[in-house]
Amino acid sequence: MAAEDRYLSNIARRNRGATASHLSRDLYAATGTSASRVTVSKRFHETGLFARRPAVCVPLTSTNQRVHLAWCREHRDWSMD
């Protein structure tokens with residue numbers, strides 16, 4: 001199953017947002033080898049690939065943007081001293 005592992009890791013690196021279920025379906029479509037979602041996740045953990053969740057940020061209001069920009073402009077020329 002080394003060839004399938006390489007195929008899975010290549011696809012996972014190309015499409016970082018793909019889920020293990022999606023990748024198992026891609027593997028089946030490409031090679032005809034079926035693997036469960038859990039098996040795909042375990043293979044990724046063995047090769048050092050782990051799931052990443054994007055950070056969720058609260059959007060700044062126009063007032064916050066203005067205040068932040070003013071603070072940045074005031075401190076633009078500061079040195080380490």
Side-chain angles (χ1 to χ4, degrees):
M1 185 132 174
E4 286 86 358
D5 289 345
R6 280 194 308 273
Y7 178 78
L8 280 173
S9 66
N10 284 338
I11 290 208
R13 286 189 176 110
R14 284 185 197 137
N15 186 3
R16 297 299 258 180
T19 62
S21 300
H22 183 72
L23 293 171
S24 67
R25 279 183 262 146
D26 287 347
L27 177 68
Y28 181 74
T31 63
T33 305
S34 63
S36 70
R37 176 192 57 81
V38 176
T39 303
V40 171
S41 293
K42 287 180 182 179
R43 298 287 183 185
F44 287 149
H45 285 274
E46 290 171 1
T47 59
L49 292 174
F50 298 95
R52 290 169 185 82
R53 185 174 298 171
V56 176
C57 299
V58 178
L60 295 176
T61 63
S62 60
T63 305
N64 287 340
Q65 288 174 351
R66 226 177 14 259
V67 170
H68 184 72
L69 183 60
W71 185 90
C72 291
R73 286 182 176 153
E74 288 174 12
H75 297 86
R76 171 180 29 201
D77 296 324
W78 279 27
S79 65
M80 291 299 288
D81 299 330

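In what follows, residues are counted from 1 in the order of the sequence shown.
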When the side chains of residues 2-11 are checked against the rest of the protein, which donor-acceptor pairs come out under 3.5 Å, sequence neighbours left out?
unit_1	atom_1	unit_2	atom_2	d
Glu4	OE2	Thr33	OG1	3.4
Ser9	OG	Asp5	O	3.4
Ser9	OG	Arg6	O	3.0
Asn10	ND2	Arg6	O	3.4

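Shown here are the side-chain hydrogen bond (donor to acceptor under 3.5 Å, both in side chains) partners of Trp71, two or more places apart in sequence or in another chain: His75. Residues passing the side-chain hydrogen bond (donor to acceptor under 3.5 Å, both in side chains) test with Asn64, sequence neighbours excluded: Thr61. For Ser21, there are no side-chain hydrogen bond (donor to acceptor under 3.5 Å, both in side chains) partners two or more places apart in sequence or in a different chain. Among residues two or more places apart in sequence or in another chain, the side chain to side chain contact (heavy atoms under 4.5 Å, CB included) test is passed with Ser34 by Tyr28. By the side chain to side chain contact (heavy atoms under 4.5 Å, CB included) test, His22 is found to be paired with Ala18, Thr19, Arg25, Asp26, residues two or more places apart in sequence or in another chain being considered.
Taking both residues in full, the closest heavy atoms of Ser24 and Ala35 are given as CB-O, 3.1 Å, listed atom of the first, atom of the second, then distance.
Distance check, rounded to the nearest 0.5 Å: CD of Gln65 to NE2 of His68 gives 9.5 Å. Between Arg43 atom CZ and Leu27 atom CG the span is 10.0 Å, to the nearest 0.5 Å.
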